[in-house]
Amino acid sequence: MSSGYDPEQVERAAQAQWAESRCFEVSEDADREKFYCVTMFPYPSGKLHMGHVRVLTISDVIARFQRMQGKHVLQPMGWDAFGMPAENAAIQRGIPPARWTYNNIDDMRDQLKRLGYAYDWTREVTTCRPEYYRWEQWLFTRMFEKGLVYRQNAVVNWDPVDQTVLANEQVIDGRGWRSDALVERREIPQWFMKITDYADELLEELDHMPGWPDSVKTMQRNWIGRSEGIELGFDVPGEEEPLTVYTTRPDTLMGVTYMAVAAEHPLARKAAESNPEIAKFIEECRKTDAAEATLETIEKKGMPLGISAEHPLSGDAVPLWVANFVLMGYGTGAVMAVPGHDARDWEFATKYGLPIVQVIEPADGGTIDVTEAAYVEYGVLVNSGGYDGMTFDEAFDAIAEHFEATGRGRRKVNFRLRDWGVSRQRYWGTPIPIIYCDRCGAVPVPEADLPVVLPEDVEFKGVGSPLREMPEFFETSCPRCGDEARRETDTFDTFVESSWYFARYACPDADDAMLDERAHYWLPVDQYTGGIEHAILHLLYARFFQRVMRDEGLTEESEPFTNLLTQGMVLKNGAKMSKAKGNTVDPQTLIDEYGADTVRLFMMFAAPPEQALEWSDEGVQGSFRFLRRFWSAVEAHVGGGDTVAIDAGSLDDAQKELRRKTHQTIAKISDDIGRRHAFNTAVAAAMELLNAVNRLDDDTEMGRAVIQEALSSIVLILSPIVPHIADALWEMLGHDEPVIDQRWPEVDDVALEQELVELVVQVNGKLRGRISVDAEAEEGDIVASALADANVERFIDGKAIRKTIVVPGRLVNVVI
RNA sequence: GCCCGGGUGGCGGAAUUGGUAGACGCAGCGGACUUAAAAUCCGCUGUCCGAAAGGACGUGCGGGUUCGAGUCCCGCCCUGGGCACCA
């Protein structure tokens, strides 16, 4: 007998019904509790991949579950449409980035619709559209007026052969990915946003975000990196300005035996003028890419500059070195080195034979040898003159007061966080709305002239931005004085677009403001879901932008995302699915073969959302088999005709047991989906319940009634995960209203009641027997019953019982 | 190098607050149905000893705390993510 489950037909029918009833299109309704559910929007790279399907399904399950809780749910979708892959495709295929992008969006939108996600498509946002990015340009000009943006030199990777700036991703083993030339660091002027102005607030609010995973909050805390230290100057004979350094360990100040400056530091440059060896070394230092991971792992190298600074406490001469691990632009571009109490300084000192001095000893009186290894713990000061015997805190205060009194230093709170460089020397991005005028300097484009539209019909060669070759784009006049002027040809980092799209979904058609009153209704996002790889950058930039918009009066909210779920990657054979590795599985093939519900079910069943998911073709088949079994069970049941209402008093034990299992499952899945987001165990519980239904084999009136209840419950609780088959089965089970409009089922506490419970009995913590006791039994009776068990008795073997531990509902442990 | 995760049967995973390790599924083995195969259904399935009852061992490695540790603490190993221009 063949199964009647035809996914294609079932899914088309359900999707047609949702489209016709427009049930996912929502408008603001002040009388209802809103639930705003957003997924990190996809980059339109061509086709949907499994990573997309996973994150979108997770979010869709949450949205549909909340809808069944009676919430007014908005789930929108959009496209993070600017970025490098469009430029690469343009080079490879000769298609303009815009056309490639729009084609991809059309293809991927069709795929999303085939997967049955509950989106309000009327709110679709596409970041490469002028009606979107004009507001980003507008906000930038507002930030300019407020002094929240500035232009400064910053380091980029420079490919000397292709004469172009490279992204870190385009640098492979220190070489340009196309030219294979050794990449150099180069400084060019770039625009920065002052995210550091918000560092304190971004840090402190993390303590009040219970809906975010602790790991993400910790990463952000460490990234912002607030530290308390002292900034102080070392005089350099012959220099007007002292050499300023920052340290969090002023207690080790007397242990400073050398100082190091960056290759780009003015003192290094000056020394290079008269010393070709130093000039050569500085040149060599520039031949590394700009990534921090590179900097931290390269071999530490340095050269003496031949000059010394004066120690601010002892007056001793401290030699100055130039070192490849110090970078201009991080702090002051100079560091004081304490090899006795810092691991990196120790390594460097040992390599170059620089002195190592102990100035801290362990507080517990233990002995250490700083010639063997740096001692980096806090302790008590020694060899530090008047500071000897002080603890870290005492020395910190005393030394800070000394410098504050002499005006040579001060206490300073520092942040590791740096301002956000938003300039990109690329074509396919939002034009930075600035005009350079010889007389007026950098002038923001007036609001009336926005947007600065990116020309889409371009010839794209791949080396440098085509905008630089388009006078019709960059030739303009100064908005202030009217003189000839030149438009900025750099574009924004694409993280700028993704820092506020979640707010724009609320009012995607607003054409006289970035956000309007509709944003007040929907913000903040109640549930935000996306990859863990965005734990720091994207999520921190979005939190920053939310505050900038708040301070602009566009929203009252400070935090954009109340609850955050970070999902793991999709792997195959232990590696991330990628075209490069050739281990991708095309979702479309699977949808065509098994239907969207099977793909959605497997995604939710195979692993908890936060963990990596190992792809398995056999597992997909297993999910399909389950849906077919489910269909057959309903088909067989409804073939027996209508059922009557359950009369709880007249159920036999087996019927009671199925009913208890039904309500236990409802309770478990409510918690699994609603609180724990453990979709995998929710699916497992539903499978168990279906197995219990299939085992009952009872066609009495009450048997069929409890089966009707069990099957209807499975349909409801699985409907967020497999909404199409749920729609069909719900109708087959004789319900009039569509399942999409049903409320989440309620647990009947009476059905959960149980007369006997099973406890395990341990002897010295090892499992030795099982007993069945009355659910209300007294502790004394439970122990007596446990001791009476034959195997337990055998292990006690007449020995004295030291104590017994009874954990209600779980176990008895007899300690002998 | 630094920050944050993860490591449990042949495989994906479960064990939610320190309380029955291995739910559910996959794969495998045995059986039913079939002329046969596929599909479907039923049973078994951590390792070792044992006819069975039952026992010993077992959650990356080495220690520790506890009546009891996959779970907590200390020290390692391996592995994934991020490190500011991939998105």
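Per chain, numbering begins at 1; letters A, B, ... match sequence-line order.
Here A:E292 lies in heavy-atom contact (under 4.0 Å) with a base. Counting non-hydrogen atoms under 4.0 angstrom, A:G421 reaches the backbone sugars and phosphates but no base. Among the protein residues, A:F795 comes within range of the sugar-phosphate backbone only, with heavy atoms under 4.0 Å from sugar or phosphate atoms but none that close to a base.
For A:T494, taking side-chain heavy atoms from C-beta onward, the closest of the listed nucleotides B:A87, B:U40, B:C83 is B:A87. In this structure, the nucleotide among B:A84, B:U20, B:G55 sitting nearest to the side chain of A:R768 is B:G55. Set against B:G82, B:G1, B:A27, the side chain of A:R625 has B:A27 as its closest nucleotide. For A:N791, taking side-chain heavy atoms from C-beta onward, the closest of the listed nucleotides B:G55, B:G19, B:C83 is B:G55. Minimum atom distance to the side chain of A:F495 is reached by B:A87, of the listed B:C83, B:A87, B:C3. Here the side chain of A:S215 is nearest to one of B:U16, B:C24, B:C4, namely B:C4. With B:U20, B:A87, B:G55 as the choices, the nucleotide that has an atom nearest any side-chain atom of A:H534 turns out to be B:A87. Here the nucleotide nearest the side chain of A:F605, chosen from B:A23, B:G25, B:A56, is B:G25.
A:F348 and A:F325 have perpendicular rings, their planes meeting at more than 60° on a 0 to 90° scale where under 30° would count as parallel. Classification of the A:Y501-A:F41 ring pair by plane angle, with boundaries at 30° and 60°, yields parallel.
When the side-chain nitrogen and oxygen atoms of A:N88 are compared with OP1 and OP2 of B:C86, none of them lie within a distance under 4.0 Å.
Taking the P atom of each, B:A21 and B:G68 are spaced 14 Å apart, rounded to whole Å. Nucleotides B:G7 and B:C44, compared at atom C1', are 29 Å apart to the nearest Å. Taking atom P on both nucleotides, B:C24 is separated from B:C42 by 13 Å, rounded to a whole Å. Here the separation of B:G9 from B:A23, taken at their C1' atoms, is 14 Å to the nearest Å. Nucleotides B:C48 and B:C41 have their P atoms positioned 30 Å apart, rounded to a whole Å. Going from the P atom of B:U16 to that of B:C67 covers 22 Å, rounded to whole Å. Across the C1' atoms, B:A56 and B:U66 are found 23 Å apart, a figure rounded to whole Å. Atom C1' of B:A38 sits at a distance of 44 Å from the matching atom of B:G5, rounded to the whole Å.
Under 3.5 Å, the side chains of A:Y541 and A:D493 contain no donor-acceptor pair of N or O atoms.
For A:R675 against B:U16, a side-chain-to-base donor-acceptor contact under 3.5 Å is present. Contact of A:K766 with B:U20 (side chain to base): no donor-acceptor pair of N or O atoms is detected under 3.5 Å. No hydrogens or angles were tested; on distance alone, a donor-acceptor pair under 3.5 Å links the side chain of A:R770 to the base of B:U20.
Searching all strands for a Watson-Crick or G-U wobble partner of B:G9 with both distances below 3.5 Å returns nothing. When both pairing distances are held under 3.5 Å, B:A15 makes no Watson-Crick or G-U pair with any nucleotide shown.
Ring centers of A:W500 and A:Y132: under 6.0 Å apart, within the cut-off.
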Using the 3.5 Å cut-off, write out each protein N or O paired with an N or O of nucleotides 62-71 of chain B and the distance between them.
{"from": "B:C67", "atom 1": "O2", "to": "A:N813", "atom 2": "ND2", "distance (Å)": "2.5"}

